[in-house]
Peer 1: 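There's a structure below that I have some questions on.
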Amino acid sequence: MADHLSCGRFQLDLHRVQIMGIWHVTPDSFSDGGQWQHREQALAHVQAMVEAGATVIDIGGESTRPGAPEVPVQQELDRVIPLLETLAPECPVPISVDTSKAEVMSAAAAAGASMINDVFALRQPGALEAVAASDLPVCLMHMQGQPRTMQQAPEYSDVFNEVRGFLLQRIAACEAAGIERRRIVLDPGFGFGKTLEHNLALLRALSGFHDLGLPLLAGISRKSMIGQITGREVNLRVHGSVVAAFFAMQQGAQIIRVHDVAATRDAVRMFEALSR
Ligand code: 8Y4
């Protein structure tokens, strides 16, 4: 495996655990990031996330939660691109853009994004070409079905091997489109068309994805699997999420996507102290 992941003007050290802090951009959050007070607010928000320990920031303008309605492309562009133009020149860490749409990927690359995070693993029209035309890394995530219906009846005969086979196919599709392996990050997609048992099987087997030779990203933070295990509502899942993050680190995940950045940083420090 490579030592670093090149993300625009940044290099992520793959021998350290990287914390990807989630910033979900809602319609009213900073939709006109070009305006001065919104610009200051946006920069302060990013600065707080970086001070808390985020080493990547993932911004997304489309909800990929089960059952969520699709966001039209223009609306996603309006939410994400002005914000990105404001943040990218000054942000001290790479900004990843959570999108599945080719048009948003191309605009994000032009506006200073350092990574593309795609829950559709570049299966939407034009997405492979949009990433190929940039020099950005991309996270390929596994999902069974479509966001709106994926949790209705997830089914696998062997979840680990099916997810692994899917990721292998998407790596091949990327390479055929001119996206080199050095730009690819893999993610089993916790909660995306999976029952609790599927999610647990994947998390237990996470280290089994390392033979693909690419960095692994795990996104478990606050998801329903934590709720199912702990019985906690979404805002009270921090402890369960941190334990799951620690378990993922122990399995060798290099990038952990989280809401609770400061709490996860403590876990990373504990992990690094204990594992040397
Ligand atoms: C509470 C909070 C309950 C959030 C559910 C959620 C992943 C991802 C998402 C992931 C990668 C989410 C965009 C779902 N999850 N990208 N995105 N990996 N790479 N749900 O696991 O956070 S959105």
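Just so you know, ligand 1 is whichever comes first in the structure, and atom 1 is the first atom listed for that ligand. By convention here, the first residue in the shown sequence is residue 1.
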Peer 1: In order of chain and number, which residues sit within 4.0 Å of ligand 1 by heavy atom?
Peer 2: T64, R65, D98, N117, V119, C139, M141, D187, F192, L217, G219, R222, K223, V234, R257, H259
Peer 1: Answer yes if the side chains of H142 and D187 hold a donor-acceptor pair under 3.5 Å, and no otherwise.
Peer 2: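 Short answer, no.
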Peer 1: What I'd like to find out is whether the side chain of V119 reaches to under 4.5 Å of the side chain of S100, using heavy atoms alone.
Peer 2: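 Sidechains of S100 and V119: in contact.
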Peer 1: Please identify which of these residues, L186, L128, D118, I184, meets the side-chain contact (heavy atoms from CB on, under 4.5 Å) condition with R170.
Peer 2: L128
Peer 1: For T195 and H198, which I'm curious about, is there any donor-acceptor pair between the side chains at under 3.5 Å?
Peer 2: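 Yes, because at least one side-chain N or O of T195 sits under 3.5 Å from a partner of the opposite role on H198.
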Peer 1: Whether the N117 and D58 side chains hold a donor-acceptor pair (N or O, under 3.5 Å, no angle test) is what I'd like checked.
Peer 2: yes
Peer 1: Of all heavy-atom pairs between L14 and A2, which one has the smallest distance, and what is that distance?
Peer 2: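 In this case the closest contact between L14 and A2 is CD1-O, 3.5 Å.
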